[in-house]
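All values below come from the heavy atoms of this structure, side chains included, with hydrogens, waters and symmetry mates left out.
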Amino acid sequence: MSEGKDLGLITHLAKQGIDDKMVMGHPAGLFVLFFTEMWERFSYYGMRALLVIFLVSQVADGGWEWTRSEAMNLFGLYTMLVYFTPLLGGIIADKITGFRKAIVLGAVIMTLGHASMALEVISPNFFYIGLGLMILGNGMFKPNISSMVGQLYPDNSTKKDAGYTIFYMGINAGAFLGMLLCGYIGEKVGWHYGFGLAGVFMMFGGLQFYFATKLFGVVGESPKEHKESVKTGVEEEVEELPKNVVRDRLIVVGVFMFFSIFFFLSFEQAGGSMSIFALDYTQRVLPGNAGTIFMWVDALLTLFPLVIVTYVLWSLGKRIYAKYPTTIIFTAISFLIVWGLGLWKIGREFNAIETEVTASWFQILNSFFIITLASFFSKMWEKVWNPAGPIKFALGLILVGVGFAVLAYGAKDIPQGAQTASVSMIWLIAAYFFHTTGELCLSPVGLSYVSKLSPKKFVGLIFGLWFLASGIANGLAGFGGGLIDRIAEEHSLSYFFGIFAVMPAAAGLVLILITPILKKMMHGIH
């Protein structure tokens with residue numbers, strides 16, 4: 001049995017009072033966090049998939065008919081602030097609430113935010129209030145759940161990178177289902193229904209986590225609770241390190257944060273300029289056999305991740321239902337709802353007169369590829385090839401550049417300044433594939449290395465800074481994406497996407513060159 005194979009991990013769990021039940025060779029707590037983050041990402045990406053498309057859609061279709069530049073600027077501002085507030089949330093968790101209470105509070109605030117956005121049909125003010133609540137709630141939630149994942153493993157455990165990759169699969173299962181269902185319902189039924197649906201699953205995510213908090217031992221406790229745990233003899237492991245080691249490792253974390261900006265500056269075009277490309281420049285009405293083939297592919301895409309995450313839930317339920325039944329019951333209810341919505345969507349499409357791919361549909365490809373490839377990358381890092389963190393980062397940067405190079409090639413025949421076109425969807429699909437392979441090299445590995453290299457007493461703050469770097473990238477991504485019309489008129493759409501190909505690829509090459517220096521400064525952390 002896998003429980004007996006990693007004595008270092010078992011010892012680590014025992015020292016922190018964490019339930020030592022294992023699922024697929026990893027602590028059961030990882031999968032509670034997996035589902036909590038899955039539903040939070042369902043809510044966030046479900047709403048994000050709709051945001052720009054809703055803003056630029058015509059008033060007659062229920063949208064606000066903003067210009068592309070206006071929509072992209074709001075998108076950039078929102079996503080920037082979503083990643084800025086985790087810095088504050090990390091400090092609050094470190095000093096006052098602890099990770100667990102911060103996660104629950106964040107879930108409550110975000111649920112209220114989605115409910116407010118669903119009321120945009122009554123007044124636009126509800127839409128802006130909802131965005132504000134989403135920003136604040138995310139700040140409490142995002143850095144602290146990532147911190148808890150890291151503390152389930154010893155720093156040098158071979159399973160830590162693999163654990164973060166599994167966690168990342170949960171992130172993207174939620175993102176996939178959110179973009180698929182919220183995007184579909186928003187575009188085909190009503191925008192406010194799409195915004196509201198996202199909040200339902202945020203509520204379920206918060207509830208299933210709340211009822212499983214005792215599973216995590218002392219991990220995530222508030223400072224006051226931690227003092228009580230110390231008195232009872234259960235305490236987190238805190239290794240005292242020389243100041244030069246701490247300094248060097250934090251410098252490496254800072255370097256990773258800097259280079260991550262180049263990655264996310266390009267990658268986050270998915271919710272902005274790539275959505276515009278899907279909406280106005282991609283052939284989305286599929287006649288005859290092409291439409292029939294797409295309906296079957298879409299049906300399989302809908303069911304495939306549901307089957308996978310249902311199996312994960314079944315595996316977790318077998319291990320912890322006896323002690324934490326409420327957690328499993330709430331998660332099971334949410335799964336029944338999402339299965340019902342998925343089957344309803346499939347039936348509705350097969351009965352439709354014509355097959356029109358929604359513009360938001362393309363965003364699910366990133367998450368679909370992650371769900372299908374995450375296990376491969378996890379096993380590769382664990383058993384086949386596990387290069388140093390900087391090399392993984394560099395691969396991620398280069399691959400996202402390759403994705404935009406593919407998109408630039410696909411857009412080469414679009415006339416300068418054209419507002420519409422009918423380019424084959426194959427170019428968007430290929431771009432998302434390369435973006436996903438790049439993301440799997442960089443993002444989960446980045447979370448793992450922030451956890452490994454950061455001093456334990458500041459880990460919430462450091463994760464906040466990591467997301468702050470992502471916030472800067474998102475703000476720049478929104479501003480850069482807003483230039484799509486100007487650059488397309490002065491040069492071409494192909495030139496526009498070419499810019500986002502060159503920047504991250506060049507950054508990746510620089511990172512490869514400085515890798516030997518960074519490896520020395522990591523002082524034994526691989």
Side-chain angles (χ1 to χ4, degrees), residues 72 76 79 168 172 255-278 281-282 362-363 365-370 373-374 376-377 380 385 387-412 414 423-446 449 469-470 472-484 487-488 491-515 518:
M72 288 295 299
T79 53
Y168 212 67
N172 284 278
V255 171
F256 285 163
M257 290 178 184
F258 175 75
F259 280 95
S260 75
I261 292 174
F262 290 93
F263 178 86
F264 288 108
L265 169 60
S266 292
F267 182 82
E268 288 298 335
Q269 295 303 313
S273 63
M274 290 177 73
S275 288
I276 297 296
F277 186 82
Y281 297 98
T282 302
F362 293 94
Q363 293 185 54
L365 294 170
N366 171 246
S367 297
F368 171 74
F369 287 136
I370 281 183
L373 295 174
F376 168 78
F377 274 80
M380 182 173 71
W385 182 53
I391 295 297
K392 294 176 183 175
F393 251 64
L395 287 172
L397 286 159
I398 291 168
L399 285 167
V400 79
V402 171
F404 274 105
V406 168
L407 200 55
Y409 181 82
K412 65 183 175 59
I414 297 177
V423 173
S424 169
M425 65 172 64
I426 191 66
W427 303 111
L428 264 177
I429 293 171
Y432 275 113
F433 173 80
F434 284 109
H435 289 183
T436 302
T437 56
E439 185 182 8
L440 282 167
C441 289
L442 184 141
S443 204
V445 172
Y449 274 86
S470 296
I472 294 170
N474 275 267
L476 294 172
F479 173 77
L483 298 175
I484 184 170
I487 293 176
H491 301 281
S492 68
L493 200 59
S494 183
Y495 184 92
F496 171 82
F497 288 123
I499 294 171
F500 292 103
V502 171
M503 284 191 296
L509 294 175
V510 171
L511 191 53
I512 289 173
L513 292 176
I514 64 172
T515 289
L518 296 177

Item to check | Shortest non-hydrogen contact between P504 and L397, atoms and distance | outcome: O-CB, 3.3 Å
Next on the checklist: Going by ring-ring contact (aromatic ring centres under 6.0 Å, His included), name the residues that satisfy it together with F264, two or more places apart in sequence or in a different chain.
Outcome noted: none
Next on the checklist: To the nearest 0.5 Å, what is the distance between CZ on F479 and CG on L265?
Outcome noted: 11.0 Å
Checklist entry - Can you check side-chain contact (heavy atoms from CB on, under 4.5 Å) on L442 and V400, steps first, answer last? => result CA-CA 10 Å; L442 184 141; V400 79; over 6 Å; no
Item to check | Where C441 and G396 come nearest, the two heavy atoms and their spacing | outcome: CB-N, 3.7 Å
Checklist entry - Would you find more than 12 non-hydrogen atoms of other residues, nucleotides or ligands less than 6.0 Å from Y281 atom OH? => result yes
Checklist entry - Ignoring hydrogens and geometry, is there a side-chain-to-backbone donor-acceptor pair from S266 to F500 under 3.5 Å? => result yes
Next on the checklist: So which atom in E268 and which in A477 form the shortest heavy-atom distance, rounded to 0.1 Å?
Outcome noted: CB-CB, 4.0 Å
Item to check | Distance-only side-chain donor-acceptor flag, E439 / S443, under 3.5 Å | outcome: no
Checklist entry - Any idea which heavy atoms bring I261 and A469 closest together, and the distance? => result CG1-O, 3.5 Å
Item to check | Flag side-chain contact, heavy atom, 4.5 Å: V402 against T437 | outcome: no
Checklist entry - Taking C-beta and beyond as the side chain, do F369 and H435 meet within less than 4.5 Å on heavy atoms? => result no
Checklist entry - Looking at F262 and M503, what are the two nearest heavy atoms and their distance? => result CD2-O, 4.3 Å
Checklist entry - Counting N and O atoms only, with roles assigned by atom type, does the side chain of S275 sit under 3.5 Å from a partner on the main chain of A270, one being a donor and the other an acceptor? => result yes
Checklist entry - Can you list the steps and then say if F277 with F362 is a ring pair (Phe, Tyr, Trp, His ring centres under 6.0 Å)? => result CA-CA 10 Å; F277 186 82; F362 293 94; 9.0 Å; no
Item to check | Parallel, tilted or perpendicular: rings of F267 and F263 (30°, 60°) | outcome: parallel
Checklist entry - Do I512 and I398 come within less than 4.5 Å of each other through their side chains, counting heavy atoms only? => result yes
Item to check | Parallel, tilted or perpendicular, as decided by the 30° and 60° cut-offs, for the rings of F256 and F393 | outcome: parallel
Checklist entry - In terms of ring plane angle, is the pair Y495 and H491 parallel, tilted or perpendicular, where the classes change at 30° and 60°? => result parallel
Checklist entry - Given side chains that start at C-beta, do those of S273 and F497 come closer than 4.5 Å, heavy atoms only? => result yes
Next on the checklist: So F433 and L373, do their side chains get closer than 4.5 Å, heavy atoms only?
Outcome noted: yes
Next on the checklist: With a 3.5 Å distance limit and no angle check, can you tell me whether T515 reaches the backbone of L511 through a side-chain donor-acceptor pair?
Outcome noted: yes
Item to check | For the student: nearest non-hydrogen atoms of A394 and G508, plus distance | outcome: CB-O, 3.4 Å
